[in-house]
Structures are given as C-alpha cells and as structure tokens.
Amino acid sequence: MTEIRCVVERVTFLSPENGYAVLKTAVAGEEDLVTVVGGFGEIAVGTVLAVQGEWKLDRRYGRQFVAQKWEETLPATVLGIEKYLGSGLIRGVGPKFARKIVNTFGADTMRVIEEEPERLREVEGLGSRRIAQIMESWGKQKEVKNIMLFLQGHDVSAAYAARIYKTYGSKSLQVVRENPYRLADDIWGIGFRTADTIARKLGMPPDSFVRLRAGILYTLSQMADKQGHVYAEYSQLVDEAAEILSTDEKKVETAQVVMTMDQMISSGDVHVEDIPEENHADGPQRRAVYLPPFYYAEIGTAARLIKILRSPSRPVQPVQMAQLEKMGNISYDEVQQQAIRQAMTSKVMVLTGGPGTGKSTTTLGIIQAMRASRLRITLAAPTGRAAKRMSEVTGMEAKTIHRLLEYKPMEGYQRNEDNPIETEVLIVDECSMIDLILMNALLKAVPVQARLILVGDTDQLPSVGAGNVLKDIIASGVVPVVELKRIFRQAQTSRIIMNAHRINHGTFPEVCNRAGSDFFMIDRETPEETATEIVELVGRRLPGYFHMQPSAIQVLTPMQRGAAGAATLNQMLQEKLNSAHADQCLRRGGYSFRLGDKVMQIRNNYEKDIFNGDIGVIESVDMGEGQLFVRFDDRQVPYDASELDELVLAYATTIHKAQGAEYPVIVMPVLMSHFVMLQRNLIYTGITRAKKAVVIVGSKKALAYAIRNEVVGKRNTMLAKRLQK
C-alpha cells in the first residue's frame, strides 16, 4: 500500500448510512487537490490525515486515492487549525470565533485548548458559557476519536462512533469490548452485521450464545423493518437466522438456532404463539415468533379497541340531515348520510374511500353532528403535514398523534390509561399510515367512554412501521365500516382524481399535455435525461406556466438513490434554484445548507417539537456562530452545525416521505431503474399528493409495469383474528 499525508480542504460527500466520504485534500507535491475516498465518517475540514491505500483511475470521477487505513493528527499550520475549529465540529465555534482564537494563540492554539482552557478568556467575545460549550464539545470529540480509532483497528467504519458515544458516554469502549452486540440492540442505524464484524475481530466464537441470540433478534427486526411483519413464522425464522449467522469459516446449523430459541423463549427475549386455523393434516401447527414490543402492542391494540367498543358513552342527540346540510351548506349523498348516522350511533367506526369521494366533507358532517350534542371533539393525524391539512379542511385544531399523547424523550407518552386524553370524540385521519406500536399507544390514551372515528384510504402505501392496522381492523368485521365509492361531479373534472381511480383499477392513466390539463407525462428513458428535464421543469417552465413560485412545486421520487433519486435531484435543484446564496451556508457531511433552501427534518426531535417529515425553509444563517434557523410554518427553529444531520434538502423527497401531505404541483420520475419500488400503491400515493397538477417524467413502460404490479407483500399480523376472538 501507498501512504500519503494530506489536509482536508473540503468534504464533497458523506453517506450517513455507512460513513463513506469523498474528500478534497491538499497533498505535498500535488499541484491540484487530491480526491480521497473511503470510510472516514464525520471528518472536519482542516484535519491532517496519514492515509494508506492505493491510487485508482475512476472512469467517471478521474484520479482518486482509495483509503484502506488512516490516522488523524491535529492540524499543525495556523490556517489548518482555523479551518479545523471553524468546521462546525466543535460546538460554540464557528468561522468567526475560530479566526479570533487562532489570531490570539497562533500555532499554540491546540495545546492551549487541551492544557490551558482557562486562557480562552483572553479571546475577545468569548464568555464563560461559550468556553464551557467549547470544552464540553472538545472532550466529546476526543472520546469519539478514541472510539473511531478502536473501530478502525477492527476494520469497522467510523461513521457510528458519535452515535456510540452519545449512547454510552465514557463507558463506550468498555461496552464495545465486553459485548459489541449491545450496539445492535441500543443504537439506531447499527445492525447486527456491524456489531458482528467487531465481535469477530475481538475473537468471539461464531456459535456463542450471545452471537446466536443477537442474530435471531436481528433477523426478526429485519423482517419488521423491511417487510412490515409483526411476527415471523418459526420455521422461516430458524432457516433465515441460520443463513445469516453462517460464515465462510463456519456454518451454523438450524439445530443450534433452535436450541438458542428455546433459551430465548424461556428468558422472555421472544414470545411464541400458535397461529390460529393453520392446522394441517400433513404438517405440524405453525407458530408465530414475536419480539415482545410487537406482541404486547398487538395484544394491547385488540384488547383496548374491544374495550372501547363495549363501553357506554354519552348519547348523541338525533340531528336531521336537512339541518346538517343547512349548517354546513353541503349536500350529502346516501352513503355519506349513512356514514354520519353510523358515527352518531357507533362507539368505533372506520370511514374509508379514495380521492374525490368526499371523506373530508363527510368528516365535516360528523363534526357538525357531534357539535349539536355539545360533545368535546379532538382531531389528530400521524404527521405534522396531515394534521395541518386536517386543520385547514375542518377549521379546527388538529394535532399529531405524538403531540396529542404529549410524548417526552426520556419519559415516553404522558397520556395513557392513567392519564387519558380529555375528549368525547376522537377523529383520526390518514390512519393507513399508523403502525401497530403507535396505534397501541394511541388507544391506551383514548377514554373508554369516548367515540373513535378512523379515517383513511387503504389503497395507499401501508405504514412504514410494522403492521397493517387499518386493513386489519376493517378485515376483522368487528367495527362498522363505511366506504365512499362515488366520485363527485366536481371531482370528475380532475384528471388527477380520475386517473388515481384508473390506476387503482389497473388501467393506464389518461394523459393530456395540452393547455388546461392537470395531468401531464413527458417521455424520457434514461435517469440522466429525466433528472435534467425535472430541473428545467421546476426551475423555469412550470413556475411560468402555473404562475407560482418554484417552492410550490414538489418533486416526489420512488427512490432516494440513483441519478433520478432524491439525493441527486436535491443537489441539482439547489444549484438551479438557490445558487445566489452559495456563500451563505453551513456544511455538514458533504452537503451545504444555504439561506433560502427548502429542508426536511428526518427524525423526530421532541426537544425542538419537530418531527420526521416536517418541511421548512432556512430563514437565516449565522456562519460566525455555526448556526442556522429554519422556519416551520409559524415557528423558527435553531440548529447548530452539529445537528445538521437531522436535516436534508427537500426540493425532492421520496413518495414514502410525502404520505399525508398535499402540494399544489408534483413532478414524479418513473423509470425502469426504479424497478424494485415500482408498485401500483406507490404511484397511486404519489399522484394523490397533488392538488393542481401532476407531471410524470419517465417511460410509459415503467409506469405501465408499476400499475400492473399490485402485488403488495402480505404482512404477518394476527390483529384481525385477535379482534374477532
């Protein structure tokens, strides 16, 4: 291997999933910046690296140095120190204070911070609070570096070091050495395979109980995360776990997995139960294996729903339909009237139907009927955007389920059986998005005497989390269901709505690219052509055609990766729409966040009261402080540079992320390169996000394939049968 020493000048790209980074570096003897690629994790500009690896000539990106091993040393030059401190790595120090610190201490800066931090008071403008921030962040970075070096010594990407430190603090190295499989249990993003790599490097036997147990739990978790299963069938789990646990050096036998499963059942690591009505004369009873949270959530959801169904409530006074229609200035058809009457007489009911069938209008009628009896009504939805839309339609406040349940990070849901929601009627929209765990938490907090109305479209994508709750409740037959099927006359003039129903019935949509249409398709075959076309549409043609700002146009794509995926499209659209603010930005992980950028929160942050999928705009950037502010509706939320991994650009998002939202115009690439994601319910969900117009860019072959592909993987769940019992 060749060794080079380099200074990181720019982080061009960093994958949050695996820590793979593309660095632009200054190397002695090289006239131009050298591209260095490898698993560096979070790395600061100005860092000095000693990197071992090999030179490679990439057909697309040219000459690169591919890192296999690396060591970090603190920067030695004054310029390097300034870049390092101002990179956002140290909380409390942005470019402005980095310059002041370096101007004060020069090449001695690192030693002063390390050995004489009290001298930071000599820097003009640095107060006690900021110095304490700097020292806390500096200490954390040292711990993280130690973990990084340890992981690197065991050929594991250093991308997970910060997460490990955040979870275990000063005990991080002790935990990793004693039982690396704990990482898979405790830390989001670190799976069994990463933990297993560390364990094998530490010399743990491949057939040890702790490894077999971790592999079985990993297999169960994968089936929940990837396929939405609440449980795994015993025989399938044993076979898949044995395959995952086997290595090139040693094959793990199914008998070893079975023995481990027996111990796990005894200790309560998993729960096993017979699958009802599955006895076959030619085979044994099939069994379901649950992770405990899913088992108790399924049991709890069924039991609580039945309890609510059977408990009495304050009666609703009869209201004449003519009176309701007059109050709302609305005319209801027979099925809508049936739905309103059903809500007035039922403890629990489901209202379902596709776009244009009047779910919102019917919900308004139900609200008016309940108001006539002076009942206390509460509205909720799974996401912030769905709650906001519900508020706009009803004129009432609607909360996200998490806010309704008053979730606190360290304490969980404050609303539960002992402290229920104060309501007599709870109406929940977009219920197809609610997974089993969340539904269990919600039902626990519903007073047993309250009425519960679940509204949703079962033809949309199922919940991201495990379960198929809305479909299971409908399939159980224990809850009254009213399905709206009639497409109202005003909706029939919309190609968006009519095509949504055509797609849902397996028919190719009617496309009209003439003026006045609201459903367009532009033929493009390659991902590169498609991406270029989308940037032109969003940046110039559609804003001019519809007389709207580009921010009102949302790109929805089936996939995150690829030339026509969300990540690439975001960078292209940022350059097209927001190049003017390129110098007013903060950088994190190879991405720049500029003043005016549209951004999305990608994980729940209960302290900031911002949730996964919330979209905002960067309203101000303080490069000196290393901080930016994002406007989410009526609130401005601050982010330090160290928190920017919670944000992504949102000019383009995946269709999954757009569930529950509506946009004036959506642009959607559909290509055969999206093959693995092309399903009817994905296309249906995508186009029903648009209010004014849909523009599909891609190939008719890919669109036709997706519409034909109605095969939705069956999710293992026993909720319907538990409700029936």
Begin from the C-alpha positions of Arg385 and Asp614 and carry the test salt bridge (charged side-chain N to carboxylate O under 4.0 Å, His left out) through to its verdict. CA-CA 7 Å; Arg385 288 168 297 162; Asp614 287 352; 5.4 Å; no

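- Here the side chain of Ser373 pairs a donor or acceptor atom with the backbone of Gln317 at under 3.5 angstrom.
- What you find for Thr383 and Gln659 is that their closest heavy atoms are OG1-O, 4.1 Å.
- A 4.5 Å side-chain heavy-atom check between Gln554 and Leu556 finds at least one atom pair inside the cut-off.
- Gln338 and Glu334 share no side-chain donor-acceptor pair at under 3.5 Å.
- Between the side chain of Thr357 and the main chain of Gly354, a donor-acceptor pair closer than 3.5 Å is present.
- Listed for the His229 side chain is a donor-acceptor partner under 3.5 Å among the backbone atoms of Asn716.
- A side-chain N or O of Ser494 and one of Asp518 form a donor-acceptor pair less than 3.5 Å apart.
- By the 30° and 60° cut-offs, the orientation of the rings of Tyr407 relative to His402 is perpendicular.
- With no hydrogens or angles considered, a side-chain donor-acceptor pair links Asp472 and Thr717 at under 3.5 Å.
- Cation-pi check for Arg689 over Tyr663 is not met; the charged atom does not lie both under 6.0 angstrom from the ring centroid and within 45 degrees of its normal.
- Residues Val667 and Ile553 have side chains in contact (heavy-atom distance under 4.5 Å, counting atoms from C-beta outward).
- The shortest non-hydrogen separation linking Ala232 to Leu220 is CB-CD2, 3.6 Å.
- A cation-pi arrangement, defined by a distance under 6.0 Å to the six-membered ring centre and an angle within 45 degrees of its axis, is present between Lys608 and Tyr639.
- The main-chain N or O of Leu678 is found under 3.5 Å from a side-chain atom of Asn709 such that the two form a donor-acceptor pair.
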Go through Ile610 and Arg635 one step at a time and tell me if the side chain to side chain contact (heavy atoms under 4.5 Å, CB included) criterion holds. CA-CA 10 Å; Ile610 296 295; Arg635 294 193 305 128; 3.0 Å; yes

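- A 4.5 Å side-chain heavy-atom check between Leu217 and Leu291 finds at least one atom pair inside the cut-off.
- In this structure, Ala500 and Tyr684 approach most closely via the heavy-atom pair O-CD1, 3.4 Å.
- Summarising the local packing, CD of Glu710 is surrounded by 12 or fewer heavy atoms from other residues, nucleotides or ligands at distances under 6.0 Å.
- Using a 4.5 Å cut-off on side-chain heavy atoms (C-beta onward), Val482 and Val350 make no contact.
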Working note: Thr362 + Gln336, criterion side-chain hydrogen bond (donor to acceptor under 3.5 Å, both in side chains); need CA distance, chi angles, decisive distance, verdict. CA-CA 6 Å; Thr362 307; Gln336 289 178 306; 3.1 Å; yes

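- When each of Tyr231, Tyr296, Tyr234 is tested with Tyr290 by the rule ring-ring contact (aromatic ring centres under 6.0 Å, His included), just one qualifies, namely Tyr231.
- Contact annotation: the side chain of Met600 never approaches that of Leu649 to less than 4.5 Å [non-hydrogen atoms, C-beta and beyond].
- Under the 4.5 Å side-chain criterion, counting only non-hydrogen atoms from C-beta, Thr352 is not in contact with Leu484.
- The minimum heavy-atom distance linking Val316 with Ala369 is given by the pair CG1-O, 4.0 Å.
- The minimum heavy-atom distance between Ala297 and Leu436, with the atom names listed, is CB-CG, 3.9 Å.
- A distance-only check finds no donor-acceptor pair linking the side chain of Arg286 to the backbone of Asp274 [under 3.5 Å].
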Take Arg451 and Glu424 through the test side chain to side chain contact (heavy atoms under 4.5 Å, CB included) and record every step on the way to the result. CA-CA 6 Å; Arg451 298 173 186 273; Glu424 293 174 290; over 6 Å; no

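- If you check the side chains of Asn419 and Arg415, you find a donor sitting under 3.5 Å from an acceptor.
- Although no hydrogens or angles enter the test, the distance criterion places no donor-acceptor pair under 3.5 Å between the side chain of Asp597 and the main chain of Val599.
- Counted by atom type alone, Gln601 and Glu646 present one or more donor-acceptor pairs between their side chains at under 3.5 Å.
- In this structure, Ser551 contributes its side chain and Lys598 its backbone to no donor-acceptor pair below 3.5 Å.
- Using a 4.5 Å cut-off on side-chain heavy atoms (C-beta onward), Val469 and Cys431 make no contact.
- Contact detail for Lys347 and Ser313: the closest heavy-atom pair is CD-OG, 3.3 Å.
- Side chain of Gln460 to backbone of Ser432: no donor-acceptor contact under 3.5 angstrom is found.
- With hydrogens and angles ignored, the 3.5 Å screen pairs a side-chain donor or acceptor of Arg304 with a backbone N or O of Val446.
- Annotation: side chain of His271 is in contact with side chain of Glu273 (closest heavy-atom distance under 4.5 Å).
- For Gln449 (side chain) and Pro312 (main-chain N/O), no donor-acceptor pair under 3.5 Å exists by modelled atom type.
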